[in-house]
Amino acid sequence: MDPMNYIVLAAIVFTIGAVGVLVRRNAIIVFMCVELMLNACNLAFVAFSRMHGGIEGQVIAFFVMVVAAAEVVVGLAIIMQIFRTRRSASIDDANLLKN
Amino acid sequence: MNTVPLQTTAVSAAVGGGEAATFYVLGTLVVLAALGVVFSRKAVYSALMMAVVMIGLAVFYGINQAPFLMVVQIVVYTGAVLMLFLFVLMLVGVSSSDSLVETIRGHRLLTAVIALCFLVPLVSGLAAITAGEPVGLSAGVAAAGGSIPWIAGEIIYRYVIAFEATGALLITAVLGALVLAHSARTKKKRTQRQMSQDRIRGDHPTPLPGPGTYARHNAIDMPALLPDGSVSQLSINPVLAARNPELQHGVPEDLSYSIGAAPDEKPDTAASDNDGQREDEGSWTR
Amino acid sequence: MTSMLAADVHAVTTAADGGVLSYAWLMIALPLLGAAVLLLGGRRTNAWGHWLAIAAALASFVWAVLSLVQLLGRTPEERSVSVHVYQWIKVGGFDIDLSLLVDPLSITFALLITGVGSLIHIYSVGYMAHDENRRRFFAYLNLFVAAMLVLVLADNYAVLFLGWEGVGLASYLLIGFWQHKPSAAVAAKKAFLINRVGDIGLLVSIMLLFTTFGTVAFSPVFGAVDGAGQGVMTAVGLLLLLGACGKSAQLPLQAWLLDAMEGPTPVSALIHAATMVTAGVYLIVRSGPIFEAAPTAQLVVTIVGAATLLAGAIIGCAKDDIKKALAGSTMSQIGYMTLAAGLGPIGYAAAIAHLVTHGFFKAGLFLGAGSVMHAMNDEVDMRRYGGLRTVMPVTFATFGAGYLAIIGVPFLSGWWTKEGIIQAAFDSGGLTGQILGWVTVLGAGLTAFYMSRIMFLTFFGEKRWAEDAHPHESPTTMTVPMIVLAVGSVALGAVLVVNYTLAHFLAPVVGAPHHEFDLVHMLTSPYSLAALALMVVGVGYAWLRYARSEVPVTAPKGNFITVAAREELYGNAINEGLFMRPGQQLTRAAVAFDDHAVDGVVNGVARSVRAASENLRLMQTGFARSYALTMLFGAAVVLATTLGVNLA
């Protein structure tokens, strides 16, 4: 099996995540789809790391995880706050910037 | 020092037949689970599907000679991040299911077309590349005295500034989450003394009857039966009573009017669900 | 000859060495201060403001007299005194000092301005007694005096221009003094605009002088004139003439003067008869060396003067409005002066002498006209006058003195000075001299006719008064200045001309007289006899038409010359046809171009942008998902491009 298959799998998962971001309206699911995309990237990094025999891919994947964790914390807090004030977790309702 | 490196995953650089089998089986599972994340009606199912994807990816990390990331993936992502998602889901409403009807005209079709336009060239382009045998990490691992020492060395020495920066980022994120999640108290906190006074002055100094007491079903939506066999409306959570018109009959006015508000005087027996003790968060359920 | 003239004309300019002359700027400062106090003081100064203005003008006059005395105490070569006040502009090599030049020419003007000005200030106390804005009027009068003194006392063209614009402003303010009358407001605007045309000429000539000589001060410029090219000097001369035409109401910029009579009569007397309108003559005489270096320009000056002389006289013959008839006369008389100034050194002294006497008798005539109007409820139509000599004896006497002076009755002021001009014209020699000379003689006859017409219509014949008219003699504040001016009208000419007193006084500036004073020649030369004869004919014809025969109250139709003269020789029609209509067409075209072409482009761009944004706006759904879709689209494009590049 060609190790490029991992990359192809990463591409597929990434696209699915992107479609989820675009199609779903529930902010929490959208967030999960973002995580899906990040994970797909991580898979690609890890596969590349193995293909090239360097550890950098894993290091970067590690950093991606850390940043994703931070992002989740803040993002979910924002979702909570919006839900509290607007009684809705739909991202279509968060349109205060539209006139 | 002829110590054998602490190598937990004994996978060689070359891609063997077993790995291929694992890839195809697990890869299919991961793709299906990812689709499940996107297309589940209920957010909870999405979260569960997400867990499947993450664990699948953790296995792939392991196969790809990344034992540290495998562990981190399971502990941090599946364990911490996903649990955070679930907590928030519960706060927002576990059982709430989204309408899947698209509100933006043509959005879904356009998304599909563009996603295909993105995926097909990407996959075909990737498929055109033949990477050959992977180099593998064994040599580096051996030199560094282990996979984890190697990553540690890289992070601590070479990427130390990025590492410190992520530390700062995490602290900032924690503070941000604290600020965002904090809600100011809009009315003065009731003291225990006030609560007891209100209770004595109110209609029911004694606790209200718990639901289901002496009833055939021990459930919170079953009213308690009084000694004479009649139904005690007081035993029902006012929220439930408000939702089910059948239950509203005979509910005391002071309770029926306070539906949705903080249930001040509600005894523990009537507050079997988690919302019972909250004062300032108001009603969480829609 | 020119260089020799330049040498003896311009005596050495010495710096003031203390005394009255060092403080020559006081002459300007006092009326300026008066104007400032009156304008800034507001109503508080209403009660005594006019007395302050008179005091300022009189003080200025006294200072001018003292300066004259001090000048006379010097030898003729040292009578050119420069008074440095302060450095006005210094930019690199361009520096202009605000300095004054007190010499015989400028002191003559200063005396005329402050003397006649003071008299008219006094007259105005009575004339404007019932005007609630009298204080403002006096402030403007003071402002005018100050500006006019700046004009004549300047020792360089830049400061002269400052005064030039200052008198233009004062003239505008005073013509439009009764701005509640639309005609006055329009007349003020007209005067201002036509003066602008002349001012451009003056300004451009100053710029030309600067680029040619690197300075605009009088003495360096005049000293360097010989080195400059004929073409440049002709251009400068013609442009200076344009400026002079604007200010002095000479053809072709004459149209504003008759309308300027909308201003109060003292203004007409001071500004539009005695002083400001002579600024053009002053400019030409002062710039004598430039004109002497440009014979073409000189010739044009004489032609303009001759043409205006006749045009003004013809207009004066037909106007029924007493002030406009006098204004036509002013045009004509200034034409005399311009003609004389254009003759060169031979005519400068004659021009200035006529200017001074004209200042007196024309001011007297205007004040008399004002007195008549004052008595006749501001009626200006001479056909409604008649027989006023018994009712207003003082006005009649003073007006009569001015009348006799202007028509050139021998031994009165006008005769002395006009004879000087006629003689100078014939003396200039050649065919041009003959033509110009006969024009001046003919002008004398016309002057006699139109002035007699005014005289007879106003003071003789039947009473043709309006029913509510109750004429009466004017108050003392008005008659005293008239009497003083009448005395000047009678005697001043003799004082100035006998033995060429003024000419010898002016000699350091304009050159010595060309021949000795010869009274017998003046009386017996064929030209002066011809002028005398024409004068008698003019007076006689006017007597027949306006004193002996019935004068209709409404003007008869008249022949085409009369109609043309009443229409001011179609000056306004020419202006309208040549400039106003094409100008309006041009502005209309510009407006149309702006509306359709410029605005069309702008609006078209705006409209298309608007239309485009109307459509693009739809992309702004407010849904984050739509925007994210755009991002994915962008990513797909980037991907496709990358692949395409790699595959290619």
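Lettering of chains follows the sequences in order, A, B, ..., and the numbering in each one begins at 1.
- Highest contact tally toward chain B, considering only A:Val19, A:Ile78, A:Leu9, A:Val23, is held by A:Leu9 [criterion: heavy-atom pairs under 4.5 Å].
- Contacts between B:Val179 and chain A at a heavy-atom distance below 4.5 Å are absent for every atom of the residue.
- The candidate from B:Leu82, B:Ile129, B:Val76 with the greatest count of non-hydrogen atom pairs under 4.5 Å with chain A is B:Ile129.
- If you measure heavy-atom distances from B:Met54 to chain A, the contacts under 4.5 Å come from the side chain alone.
- For B:Leu69, the parts sitting under 4.5 Å from any heavy atom of chain A are the backbone and the side chain alike.
- Comparing A:Leu43, A:Val13, A:Val8 by heavy-atom pairs within less than 4.5 Å of chain B, the highest count is held by A:Leu43.
- More than 12 heavy atoms of other residues, nucleotides or ligands shown are found within 6.0 angstrom of CD1 on B:Ile156.
- Side-chain contact between A:Asn5 and B:Tyr24 is present, with heavy atoms from C-beta onward closer than 4.5 Å.
- For B:Val31, the parts sitting under 4.5 Å from any heavy atom of chain A are the backbone and the side chain alike.
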For B:Glu133 and A:Arg50, run salt bridge (Lys or Arg N to Asp or Glu O under 4.0 Å): C-alpha distance rounded to whole Å, both residues' side-chain angles, the deciding distance at 0.1 Å, then the answer.
CA-CA 10 Å; B:Glu133 282 303 302; A:Arg50 179 181 172 207; over 6 Å; no
Could you go through the side chain to side chain contact (heavy atoms under 4.5 Å, CB included) check for A:Phe83 and A:Met80 one step at a time?
CA-CA 5 Å; A:Phe83 182 80; A:Met80 286 297 308; 5.5 Å; no
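- The greatest number of non-hydrogen atom pairs below 4.5 Å with chain A, out of B:Ala33, B:Gly125, B:Ala47, is found for B:Ala47.
- In this structure, B:Phe163 places its CZ atom where only 12 or fewer heavy-atom neighbours from other residues, nucleotides or ligands lie under 6.0 Å away.
- Counting heavy-atom pairs closer than 4.5 Å to chain B, the top-ranked of the candidates A:Ile79, A:Ile16, A:Val74 is A:Ile16.
- Contact annotation for B:Tyr159: both backbone and side-chain heavy atoms come within less than 4.5 Å of a heavy atom of chain A.
- Of the atoms belonging to A:Ala18, not a single heavy atom falls under 4.5 Å from chain B.
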With a cut-off of 3.5 Å and sequence neighbours excluded, list every side-chain donor-acceptor pair involving residues 28-41 of chain A.
{"from": "A:Glu35", "atom 1": "OE1", "to": "B:Tyr77", "atom 2": "OH", "distance (Å)": "2.8"}
{"from": "A:Asn39", "atom 1": "OD1", "to": "B:Gln73", "atom 2": "NE2", "distance (Å)": "3.1"}
{"from": "A:Asn39", "atom 1": "ND2", "to": "A:Glu35", "atom 2": "O", "distance (Å)": "3.1"}

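- The residue among B:Leu84, B:Leu122, B:Val174 with the most heavy atom pairs within less than 4.5 Å of chain A is B:Leu84.
- Among B:Ala115, B:Ser46, B:Ala127, the residue with the largest count of heavy-atom pairs under 4.5 Å with chain A is B:Ser46.
- Residue contact with chain B, scored on non-hydrogen atoms closer than 4.5 Å, involves the side chain of A:Val59 exclusively.
- Nearest heavy-atom pair, A:Asn42 versus B:Tyr61, reported as atom, atom and distance to 0.1 Å: CB-OH, 2.9 Å.
- Atoms CG and NZ, on B:Leu89 and B:Lys42 in that order, are 12.0 Å from each other to the nearest 0.5 Å.
- Residue with the most contacts toward chain A among B:Phe60, B:Phe87, B:Phe23, B:Phe68: B:Phe23 (heavy-atom pairs, distance under 4.5 Å).
- Taking B:Leu57, B:Val81, B:Leu119 one by one and counting their heavy-atom pairs under 4.5 Å with chain A, the maximum is reached by B:Leu119.
- When heavy atoms are compared at a cutoff of 4.5 Å, A:Val66 approaches chain B by way of both its backbone and its side chain.
- Shortest non-hydrogen contact noted between A:Tyr6 and A:Ala47 is CB-CB, 3.7 Å.
- When side chains are defined from C-beta on, A:Val72 counts as touching B:Phe85, because their heavy atoms get closer than 4.5 Å.
- In this structure, the side chains of B:Asn64 and A:Ser49 stay at 4.5 Å or more apart for every pair of heavy atoms.
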